[in-house]
Amino acid sequence: MLCRGTFQAGNVAIGDHNQCSKRFFNSVSIGCRKSLVSSCSVGARSGLVLAVATNETTKSKQMAYEPSLADRLRLGTVSEDGMSYKEKFIVRCYEVGINKTVTVETIANLLQEVGCNHAQSVGFSTDGFATTHSMRKLHLIWVTARMYIEIYKYPAWSDVVEIETWCQSEGRIGTRRDWILKDCATGEVIGRATSKWLMMNQDTRRLQKVTDEVRDELELYFPKELRLAFPEENNGSLKKIAKLEDPAEYSKLGMVPRRADLDMNQHVNNVTYIGWVLESIPQEIINTHELETITIDYRRECQQDDVVDSLTSVEPIEDADALESHGANGSATAPKDVNKSFLHLLRLSSDGVEINRCRTEWRKKSARI
């Protein structure tokens, strides 16, 4: 939920980008150590005190939190009301792909990072699992059920990206985390994302409802009113993913997890699945298009010894009016000059059991200077 192993820009408050740039450069200027510490502070970071409701009598217990060196160097800050967290990241050269911009895997990794840092900033996740104190006591962890990412502009090497994140309840069985990504130099919203998380017993690997004790801990940091990264009706994050039917048009078979693909929960990290999905995208799409949205539904864990097949097919266009307007002459797929949509399936090579299903949308690459 907070971290682990989905518009119209006018609807999102952009704020003053000049202030964003000013805060960033103040925080990293040589000799301004006080600015750097304050930029990653939660209130007065010298001794953050957190009140956590822990039992039926709703008593609060106080915890002293001493910031680490990483806390002091991190360019992150909790909002004044404590309901969201923002952090700035400089795009490294090794995070840039063939398009000379960051890859979607880089973006997904940054989303995980800022979510986990949010958890740490409020005193959770000292074990690295983004868990509350009650969760650790009960051997509970968070697992991702769905992730949706929408990208309007990909940052390039040395760009500075500011990511805001917040968490809130999602019914009785889970939580959700949302993100907004901005270009720190301009204040432009360059992406949004949302996700759904479920609670799992780390020993039995079975899902479990969010207990009242855990919810009481979390709700201290939930927005008081529902806040969505995608408030629009019928937005892409709500779209169900149809199952890809055999035979698939494209495939990449026999992929094996590397040791580096495993996370701290001893299963394949979320971002690895995204890379596997993209392995079966045809090369001509990679050459001419860039990923605009990705939706991924996680259905089972994948272990180190599993062998995985990645299957991809062009998504059929179901709307007859859309077919006519595109001039597809009855074809079930869109013509070459429009955006492309694909359905994906990751499954075990041994028995065909579904690991996850995915949907991607691709737009034509724009000319770059």
Side-chain angles (χ1 to χ4, degrees), residues 1-6 104-105 108-109 111-112 115 129-130 140-150 170-177 193-210 236-258 261-281 291 293-313 315 341-361:
M1 182 263 309
L2 293 160
C3 159
R4 169 200 166 273
T6 228
V104 66
E105 291 100 319
N109 275 319
L111 298 181
Q112 286 195 123
F129 294 138
L140 301 174
I141 59 174
W142 294 109
V143 293
T144 319
R146 166 172 274 220
M147 174 73 75
Y148 176 77
I149 304 173
E150 197 167 284
E170 181 75 9
R172 292 295 301 171
I173 62 172
T175 58
R176 64 178 294 144
R177 176 171 285 282
T194 188
S195 59
K196 296 181 180 179
W197 301 76
L198 301 175
M199 188 175 290
M200 174 186 283
N201 186 289
Q202 192 172 10
D203 301 324
T204 66
R205 317 307 286 183
R206 299 177 68 88
L207 295 179
Q208 181 171 320
K209 288 185 178 181
V210 179
S237 71
L238 304 176
K239 187 179 176 99
K240 291 185 177 180
I241 305 175
K243 185 175 181 180
L244 185 152
E245 299 295 337
D246 280 332
E249 297 177 55
Y250 311 97
S251 62
K252 179 75 171 180
L253 307 180
M255 296 184 297
V256 179
R258 304 171 304 158
D261 293 329
L262 301 182
D263 62 17
M264 292 180 286
N265 294 329
Q266 300 302 311
H267 50 207
V268 172
N269 186 274
N270 296 347
V271 180
T272 299
Y273 295 109
I274 295 176
W276 285 346
V277 163
L278 299 182
E279 280 297 305
S280 57
I281 285 285
L291 184 67
T293 74
I294 181 168
T295 315
I296 185 164
D297 285 340
Y298 297 89
R299 296 180 176 261
R300 75 178 299 278
E301 294 181 278
C302 191
Q303 310 293 339
Q304 184 176 1
D305 295 332
D306 290 333
V307 180
V308 178
D309 294 338
S310 175
L311 309 178
T312 291
S313 290
E315 182 179 34
S341 299
F342 292 89
L343 296 176
H344 311 270
L345 179 69
L346 292 182
R347 68 185 184 189
L348 294 179
S349 299
S350 57
D351 54 14
V353 171
E354 184 176 2
I355 300 170
N356 58 45
R357 61 181 65 177
C358 181
R359 181 178 183 271
T360 59
E361 294 180 273

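By convention here, the first residue in the shown sequence is residue 1.
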So do Val104 and Leu278 actually touch side chain to side chain, heavy atoms under 4.5 Å? yes
Taking atom CH2 of Trp197 and atom CD1 of Ile141, what is their separation to the nearest 0.5 Å? 10.5 Å
Rounded to the nearest 0.5 Å, what separation is found between the CD atom of Glu301 and the CG atom of Asp306? 10.0 Å
What heavy-atom pair brings Lys252 and Ser280 nearest, and what distance separates the two atoms? N-CB, 3.9 Å
By side chain to side chain contact (heavy atoms under 4.5 Å, CB included), which residues pair with Asp297, not counting sequence neighbours? Arg146, Ile241, Arg299, Arg357
Salt bridge (Lys or Arg N to Asp or Glu O under 4.0 Å) between Arg359 and Glu361, intermediate numbers included: CA-CA 7 Å; Arg359 181 178 183 271; Glu361 294 180 273; 3.4 Å; yes
In Å and rounded to the nearest 0.5 Å, what is the CG to NE2 distance from Leu262 to His267? 9.0 Å
Assess, by modelled atom type and distance only, whether the side chains of Thr360 and His344 contain a donor and an acceptor separated by less than 3.5 Å. yes
Mind checking the CD1-CH2 spacing from Ile355 to Trp276? Nearest 0.5 Å is all I need. 6.5 Å
Scanning both residues in full, the closest heavy-atom pair of Asn269 with Asp263 reads ND2-CB, 3.7 Å
Can you tell me how far apart OH (Tyr298) and CE (Met147) are? Round to the nearest 0.5 Å. 5.5 Å
Taking every non-hydrogen atom, the tightest pair across Pro257 and Cys302: CG-SG, 4.4 Å
Those residues at least two apart in sequence (or on a different chain) that pass salt bridge (Lys or Arg N to Asp or Glu O under 4.0 Å) with Asp261 are Arg258
Go through the steps for Trp142 and Met200 under the test side chain to side chain contact (heavy atoms under 4.5 Å, CB included), then give the verdict. CA-CA 6 Å; Trp142 294 109; Met200 174 186 283; over 6 Å; no
Are Ile294 and Cys358 side-chain neighbours, meaning at least one heavy-atom pair lies under 4.5 Å? yes
Find the distance between OH (Tyr250) and CG (Leu311) and round it off to the nearest 0.5 Å. 13.0 Å
Which heavy atom of Ala248 sits nearest to which heavy atom of Ser313, and what is that distance? CA-OG, 3.4 Å
All heavy atoms of Leu140 vs all of Gln208, minimum pair found to be CD2-OE1, 3.5 Å
Are the side chains of Ile296 and Thr144 in touch, meaning some heavy atoms are under 4.5 Å apart? no
Please name the pair of heavy atoms, one in Val271 and one in Ala108, separated by the smallest distance, quoted to 0.1 Å. CG2-CB, 3.8 Å
